[in-house]
Amino acid sequence: LDGFYSWINSGTAPIVFWISGFYFTQSFLTAASQNYARKYKIPIDLLGFQFEVVDVQECEAELPDNGVLVNGLFLEGCRWSSKDKVLAESLSKILYSKLPILWLKPGRRDEFVAGSTYTCPVYKTSARRGTLSTTGHSTNYVMSVQLPIPE
């Protein structure tokens, strides 16, 4: 919680946001999109996120020109290979592994370039269950992240 107190008291947002600490994560994601939409005068409904894993320690992270850096995400049933920069099989007897810092890069969805990725759902808890909301998703669902996989 020290990070939140510092943010409130100093008025300076952190470079890396602890995404797991937000109660309503979707509002944080919407704010990131709104900042981009206002900066470039693009309708927000044309925007989406591209994702890039940033393999640096939090203290070495630099503020991106656009988007936000987040940490606090975990992978279940796979791991991030820092060497190959792709998802890889889990190590023996390890079910959960920490995802390094993730850069959420807003941009126009129609300009995104598709690659070899896995659409990884992000949930608030590992249980993944919740009640269905009006969007048709579980209330525990946050978003889907495209993560690179081996070709």
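Everything quoted here is computed from the prediction, not taken from an experiment.
- One finds the CD1 atom of Ile149 at 13.0 Å from the CG atom of Asp84 (value rounded to the nearest 0.5 Å).
- Under the 6.0 Å cut-off for aromatic ring centres, Phe22 and Phe28 qualify, their centroids lying closer than that.
- For Lys85, the NZ atom counts as densely surrounded, since its 6.0 Å shell holds more than 12 non-hydrogen atoms of other residues, nucleotides or ligands.
- Taking the side chain as every heavy atom from C-beta outward, Phe17 and Leu69 never approach each other to under 4.5 Å.
- Without hydrogens or angle criteria, Ser97 side chain to Cys78 main chain gives a donor-acceptor distance under 3.5 Å.
- The shortest heavy-atom contact between Ser33 and Leu47 is O-CD1, 3.6 Å.
- Pro148 has its side chain within reach of Trp80: a pair of non-hydrogen atoms, C-beta onward, lies under 4.5 Å apart.
- A continuous path of hydrophobic side-chain contacts links Leu73 to Val53 [ILVMFWY only; heavy atoms under 4.5 Å].
- With Arg79 contributing its side chain and Glu89 its backbone, the two residues share a donor-acceptor pair below 3.5 Å.
- Expressed to the nearest 0.5 Å, how far CG of Leu63 lies from CG of Asn66 amounts to 10.0 Å.
- At a threshold of 4.5 Å between side-chain heavy atoms, the hydrophobic network of Ile, Leu, Val, Met, Phe, Trp and Tyr places Tyr118 and Val122 in one connected group.
- Tracing side-chain contacts under 4.5 Å through hydrophobic residues (I, L, V, M, F, W, Y), one reaches Tyr36 starting from Leu46; they form part of the same cluster.
- Using a 4.5 Å heavy-atom cutoff, the side chains of Glu62 and Ile15 are not in contact.
- A distance-only check finds a donor-acceptor pair linking the side chain of Ser90 to the backbone of Gly77 [under 3.5 Å].
- In this structure, Ser20 contributes its side chain and Gly72 its backbone to a donor-acceptor pair below 3.5 Å.
- Hydrophobic clustering places Val56 together with Val16 (ILVMFWY residues linked when any side-chain heavy atoms are closer than 4.5 Å, directly or through intermediates).
- Val70 and Ile101 fall into different hydrophobic clusters, where Ile, Leu, Val, Met, Phe, Trp and Tyr residues are linked whenever their side-chain heavy atoms come under 4.5 Å apart, directly or through other members.
- Counting non-hydrogen atoms of other residues, nucleotides and ligands closer than 6.0 Å to CD of Glu60 gives a total above 12.
- When each of Leu147, Asn71, Ile19 is paired with Leu102, the side chain to side chain contact (heavy atoms under 4.5 Å, CB included) condition holds for Leu147 and for no other.
- When atom types are taken as modelled, the side chain of Trp103 and the backbone of Gln50 share no donor-acceptor pair closer than 3.5 angstrom.
- Considering every non-hydrogen atom in both Ser81 and Ala88, the closest pair reads CB-CB, 4.0 Å.
- For Arg109, the side-chain contact (heavy atoms from CB on, under 4.5 Å) criterion is met by Phe112, not counting sequence neighbours.
- Side chains of Met143 and Phe51 form a contact here, defined as non-hydrogen atoms less than 4.5 Å apart.
- A pairwise comparison of heavy atoms in Leu75 and Cys120 identifies CD2-SG, 4.3 Å as the closest pair.
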